[in-house]
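Reviewing the structure listed below.
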Amino acid sequence: GGIEPPGDEASPSDLGAGEHGAVTRDVTRWLDPSDERQCQDPLAASEMASLGPSPSDPVGGESEPPTGVRMIIGGYDVHFPFKPYASQIGIASRVLKALDTGTNALLESPTGSGKSLALLCAAMAWQERWKASREAADSRGDAHDAQRHDRRAEAEPADRASKPSGGGKKEKVPRVYYATRTHSQIAQVVRELKRTSYRPAMTVLGSREHYCVNQKARTAAKKGGNLGDECKSLLESAGRRGRERAEERAEDDATDIENGAPARSGGCGYSHGALKLAGKASKPGAEPVDIEDLVTLGQKTRGCPYFAAKHAHETAELVFCPYNYLLDPSVRAAMDVDIAGALVILDEAHNVEDTCREAASCDVHLHDLRAAAEEFERVAAAEEAEHTSAAGDGDGADGAPEGHALLARVTGSVARWLHGASDQENPRCPLRPHGFERWMAVWSGGANVQRQLRDAGLAAETLPSIERARNAAVKAANDSSTPGALRVSGHALKTAEVLLSSARYALAEKKERGGSGSLGSTRADDFRLAVQKRFDEPIQGSSARFASDETRDETSAQNAAKVTLSLWCLNPALAFADIAGGFGVGPNGGTANDAARSVVLVSGTLAPLDSFASELGAPFPIRMEAPHCVDVESQVWCGAVGSGFSGTRLSGTFKTSVEFSYQDDLGESLQKWCLEIPHGVLVFFPSYSLLDRVAQRWKSTGAWRRLEQATGKKLFQEP
């Protein structure tokens, strides 16, 4: 259920009074992003809102959060660090409306208009209101339960009255997932959060590559290993040797690393401090931290930042992560991301379509499939041997586990099919030339794609059992009590997951929004199946490490020909349905119970919104296209200047730009223009080489110094 906000005509008691006793009005009633006056001065009309420091601003646990201004938007008390633009108010009002109604929003606002700050402030205001309303409801419920308990105690025997009534489970705070394209962009958003008065329990999800501070694991990974496998190996070693020596190992490792030597112990000296680090960095009221902050804190406290972030995720109210942590089903499952009922914000969302297509697609190499099949066969043989030994001792079960054996058969079958499809000595080989030393075969049409996948060993009716086997293998691999001989490498599990994830989408039953579908129809029409072969560098990295001698010899015999099975998704709506609900094609079914409460897509370049929404296949009833705060008519001029003041043709081609006459006239023209332009000037060049050439010429002739003296503007050159 949603929160009932005050209506448009809120009373003074609901919204409070301004500094001079004026009633603070709900700004969503007057907002019109197309109004130029509002874009230039969103606070021009005094009746729009009353702004001032809020007396109820929360205080952070480790630092005093900045105070700012508050506005009533959609009935919510929203705190900004400064007076917001009208576009920021528009974003906030639509985010709040989407959350109240449980719908999706598509918002376009120009770069530099403060989108990230508006998104954070609106989401945190809604979340705080939700917590306050639930606390009030719990208080009323506790009082009611106490009265009822007293009445029962008078009527019931003492032994029954003393027993607890059980009570219901406390409802969790709807989580906010804020996703953007890269970790560097996340760091910028965390800095924006630090400027606000909001201090939720938060975390930043990242990979071991970003978080790992164990130099032993990193050194091994650089030598061709897999950082995830190295991490698990260290944790397994620590488990074998016992916890009693954890502190001693940590001290030894610290001494070795300080002396530039690898750690001596078999465990990780940081793993035991992860919970403590998570509690310190992500508690409500604490100063927000990004990846770099958490890594620094982990090094100081000897706590693992990677597992600290995962522990913090369990109780976090605000989670930052890259796109693929939400849109890619394999990453979502690995990081235990549960978006059911959450607010999902995708910033810089103009890349979401491509990300969704990539999330449902795969490119799997033949040598990876062979290495995975061998790895699954190795573990299956070890399981069989262990089962036989246990049966000989009288402790055997009905049969050895079939999971790893099934995965070995499936990956082996796909590898054999791919080898046959790429064997150019076979006269029926479907490959055709596709560029220099490259061949390709592509199958389109649902029936053709399904037929080839079935021939490779992947069919809709067998996928569920294969999925169960893979899940069991993942669980065993992540269990520190599993013996090393019965643990599959992370590379093999990843190869299987990448393949099965795309097959899961392609072979899912085709349903329209609402759940209806035709029997036997799948989403294979939205895919292209391809086999590619090209000559490339030899196999390197973790796949070479796990490959057998036979696999290496066969690869060398083919002169390092790289063969790839590709399953390309053409419809971004398939992966997007996992978070927005609708088609029911993803691993979570895409049902309303699994989907987010609201998905908000924001960017500076989303228009035309109709086609963008159509591509994603989800309803976006709440939309906004905000103009820029710059007045384009009076502040922007766009044109081309063909020649300088001395008459030299200003053509930036290589032939012209090397001439001194071009460079000198460009400098003279720039000086005259800067005399007319009152403020800063940003000058772009076609290349760094031309920029360096012109700057060197101007400095040698004195034009650089004359420009600064004549205009009063200081020149800076990008390094």
Side-chain angles (χ1 to χ4, degrees), residues 183 206-243 245-274 277 291-292 294-296 298-299 302-310 331 334-335 365 367-368 371-372 374-376 378-379 382 473-474 476-498 537-549 551-552:
H183 281 291
S207 64
R208 287 180 173 88
E209 282 72 16
H210 287 95
Y211 272 131
C212 182
V213 292
N214 188 306
Q215 294 304 315
K216 180 179 180 180
R218 283 196 169 277
T219 301
K222 288 179 181 179
K223 294 180 179 179
N226 180 279
L227 188 56
D229 289 335
E230 296 296 336
C231 175
K232 294 173 184 176
S233 177
L234 288 174
L235 294 176
E236 179 189 4
S237 176
R240 285 199 308 264
R241 299 182 63 176
R243 296 180 179 233
R245 293 194 57 208
E247 294 182 2
E248 179 184 343
R249 287 197 308 272
E251 293 176 0
D252 291 342
D253 288 351
T255 303
D256 289 337
I257 292 170
E258 287 176 2
N259 296 332
R264 288 174 289 175
S265 70
C268 177
Y270 296 89
S271 59
H272 301 289
L277 177 60
I291 288 181
E292 186 176 343
L294 192 58
V295 167
T296 302
Q299 291 171 334
R302 295 202 62 80
C304 175
Y306 173 75
F307 284 107
K310 293 194 71 173
V331 180
M335 299 302 293
H365 304 308
H367 56 75
D368 288 335
E374 292 173 1
E375 181 72 358
F376 288 127
R378 177 189 66 78
V379 176
V474 170
N478 291 331
D479 189 349
S480 59
S481 64
T482 302
L486 302 181
R487 180 178 295 164
V488 180
S489 69
H491 187 78
L493 290 173
K494 183 178 180 180
T495 300
E497 169 58 21
V498 168
E537 65 279 356
I539 300 175
Q540 296 177 350
S542 55
S543 58
R545 180 185 179 191
F546 292 108
S548 65
D549 294 338
T551 300
R552 293 193 188 96

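The shown structure was predicted, so the numbers you read here are calculated from the model rather than taken from an experiment.
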Apply side chain to side chain contact (heavy atoms under 4.5 Å, CB included) to Val295 and Tyr306, showing your working. CA-CA 9 Å; Val295 167; Tyr306 173 75; over 6 Å; no
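Atom-to-atom distance recorded for Phe307:CZ and Cys268:SG is 8.5 Å, nearest 0.5 angstrom. Rounding to the nearest 0.5 Å gives a distance of 9.5 Å between NE2 of His367 and OG1 of Thr495. In this structure, Leu277 CG and Gln299 CD are separated by 11.0 Å, a value rounded to the nearest 0.5 Å. Interatomic distance, OG1 of Thr296 versus CD1 of Ile291, reported as 11.5 Å (0.5 Å rounding). Summarising the geometry, atom CZ belonging to Arg378 is positioned 10.5 Å from atom CZ belonging to Arg487; distances are rounded to the nearest 0.5 Å. Rounding to the nearest 0.5 Å places OG of Ser207 at 5.5 Å from NE2 of His183.
Of all heavy-atom pairs between Ala485 and Ala382, the closest is O-CB, 3.7 Å. Taking both residues in full, the closest heavy atoms of Ala309 and Leu294 are given as CB-CD2, 4.2 Å, listed atom of the first, atom of the second, then distance. Annotation for Glu209 and Arg218: closest pair O-NH2, 2.5 Å, computed over non-hydrogen atoms. When all heavy atoms are compared, the tightest approach of Ala274 to Cys304 is CB-O, 3.8 Å. Scanning all heavy atoms of the two residues, the minimum distance from Gly206 to Tyr211 falls at N-CE1, 3.6 Å.
Counting heavy atoms from C-beta on, the side chains of Cys231 and Asn214 never come closer than 4.5 Å.
Using modelled atom types, no side-chain atom of Glu375 and backbone atom of Ala492 make a donor-acceptor pair closer than 3.5 Å. With hydrogens and angles ignored, the 3.5 Å screen pairs no side-chain donor or acceptor of Arg302 with any backbone N or O of Gly273.
Residue Lys494 places its NZ atom among 12 or fewer non-hydrogen atoms of other residues, nucleotides or ligands, all under 6.0 Å distant.
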